[in-house]
Amino acid sequence: MAAIPLFQFLLFTIFSTQFAGYHCRGACAEVDSDTEAVAGMGFKLGCISCKKRSEVKGAATVEWYFQPKGEADFFQIYTYNENGPIIENDQFQDRVDWNGSKRSNDIQDGSIYLLNVTFNDTGTYRCFFNRILFYENYEYNTLISKVVHLNVVAKATRGTASIVSEVMMYVSIIGLQVWLLIEMIYCYRKISAAGEEALREAANAEYLAIASESKDNCAGVQVGE
């Protein structure tokens, strides 16, 4: 099977990804929340719980609890259900926005967004999914929890994952440039060799033509004598 040119492969990959994204908007992926917030800025507390069987109808209520750093107990700060959001604690009044699933009671993304983060927000957050799955003849209740350990800093710091990603990006760029350079050298040598071969063939053909013409001239002179 012939090899696919790099340019065509990249185009195929890009369009395939976009096409897949277009038809799979309902897909769910459980991604861990970030854990470092900057004081005075906003921050998304991520909490995602995907259903194992998407064809089963369901409904969920999401509850968030907070344990401040250095304390032993959790207290409830937020609830979201079919009736909308409820802020359960004065510390978070007017500072929490729903950032999860919308226009559906079948909640799989229970993320919230903290406004104007303060150092007092440092601690452990726990979200609970109280989910009901509706089967044909019965209902099944599940309780799933996720934990986020939040650290509030004065200035954003670069995480190890970010540094590694940047290094890998530069390594990939350099690798592609080296590969392209090798391809260019290979193609140049191949074209150059083909050109030299064509010149040799042309020279040989010209030499043979001259030799044949000289032979014919010699033969004509001998016949005339």
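Treat the numbers as computed from the prediction; the structure is a model and nothing was measured.
- The backbone N or O of K51 lies less than 3.5 Å from a partner atom in the side chain of Q108, making a donor-acceptor pair.
- Between F66 and Y125, the ring-plane angle classifies as parallel under the 30° and 60° cut-offs.
- At most 12 heavy atoms of other shown residues, nucleotides or ligands fall within 6.0 angstrom of atom CG in D90.
- In plain terms, the two heavy atoms of I87 and D94 that are nearest each other are CD1-N, 3.7 Å.
- The disulfide bond (SG atoms under 2.5 Å apart) analysis of residues 69-157, with sequence neighbours excluded, yields the pairs C47-C127.
- Note that CG of L45 is 8.0 Å distant from OG of S111, once rounded to the nearest 0.5 Å.
- Closest of all the heavy-atom pairs between G46 and S33 is N-OG, 3.0 Å.
- Closest non-hydrogen pair, V56 versus Y135, comes out as CG2-CE2, 3.9 Å.
- When atom types are taken as modelled, the side chain of W64 and the backbone of G110 share a donor-acceptor pair closer than 3.5 angstrom.
- Using a cutoff of 4.0 Å between basic side-chain nitrogens and carboxylate oxygens, K146 and D32 are not scored as salt-bridged.
- Looking only at distances, a side-chain donor or acceptor of S172 sits under 3.5 Å from a matching main-chain atom of M168.
- Side-chain N/O atoms of Y65 and Q67 include no donor and acceptor closer than 3.5 Å.
- Contact record, Y80 with S101: OH-O, 4.3 Å, taken as the closest heavy-atom pair.
- The distance between the ring centers of Y78 and F92 does not fall below 6.0 angstrom.
- Surrounding NZ of K102 are more than 12 heavy atoms belonging to other residues, nucleotides or ligands, all under 6.0 Å away.
- A donor-acceptor contact shorter than 3.5 Å links the side chain of R131 to the backbone of I107.
- Here the CE atom belonging to M41 is positioned 14.5 Å from the OG1 atom belonging to T118, to the nearest 0.5 angstrom.
- One distance of note links CZ of R189 with CE of M184; it measures 13.0 Å at 0.5 Å rounding.
- For the atom pair D106 CG and I132 CD1, the distance stands at 11.0 Å (nearest 0.5 Å).
- Between the side chains of H149 and T124, at least one donor N or O sits under 3.5 Å from an acceptor N or O.
- Cluster annotation: V148 and W98 are assigned to the same hydrophobic cluster (Ile/Leu/Val/Met/Phe/Trp/Tyr, side-chain heavy-atom contacts under 4.5 Å, transitive).
- Looking only at side-chain heavy atoms (C-beta outward), N89 and F75 come within less than 4.5 Å of each other.
- Residues E63 and N130 come closest through the heavy atom pair CD-ND2, 3.8 Å.
- A heavy-atom distance below 4.5 Å is found between the side chains of F128 and L143.
- In this structure the side chain of F129 reaches within 4.5 angstrom of the side chain of V62, judged on heavy atoms.
- Of the inter-residue distances, the one linking I86 atom CD1 with T79 atom OG1 reads 5.5 Å to the nearest 0.5 angstrom.
- Residue pairs meeting the disulfide bond (SG atoms under 2.5 Å apart) criterion with at least one partner in residues 81-119, sequence neighbours excluded, do not occur; the list is empty.
- Both V96 and F119 belong to a common hydrophobic cluster when Ile, Leu, Val, Met, Phe, Trp and Tyr are linked at side-chain heavy-atom distances under 4.5 angstrom.
- The distance from the CG atom of D109 to the CD1 atom of I48 is 4.5 Å, given to the nearest 0.5 Å.
- With hydrogens and angles ignored, the 3.5 Å screen pairs no side-chain donor or acceptor of K57 with any backbone N or O of L133.
- Screening L114, D121, N120 against V152 for a side chain to side chain contact (heavy atoms under 4.5 Å, CB included) leaves a single residue, D121.
- Shortest non-hydrogen contact noted between V117 and R95 is CA-NH2, 3.9 Å.
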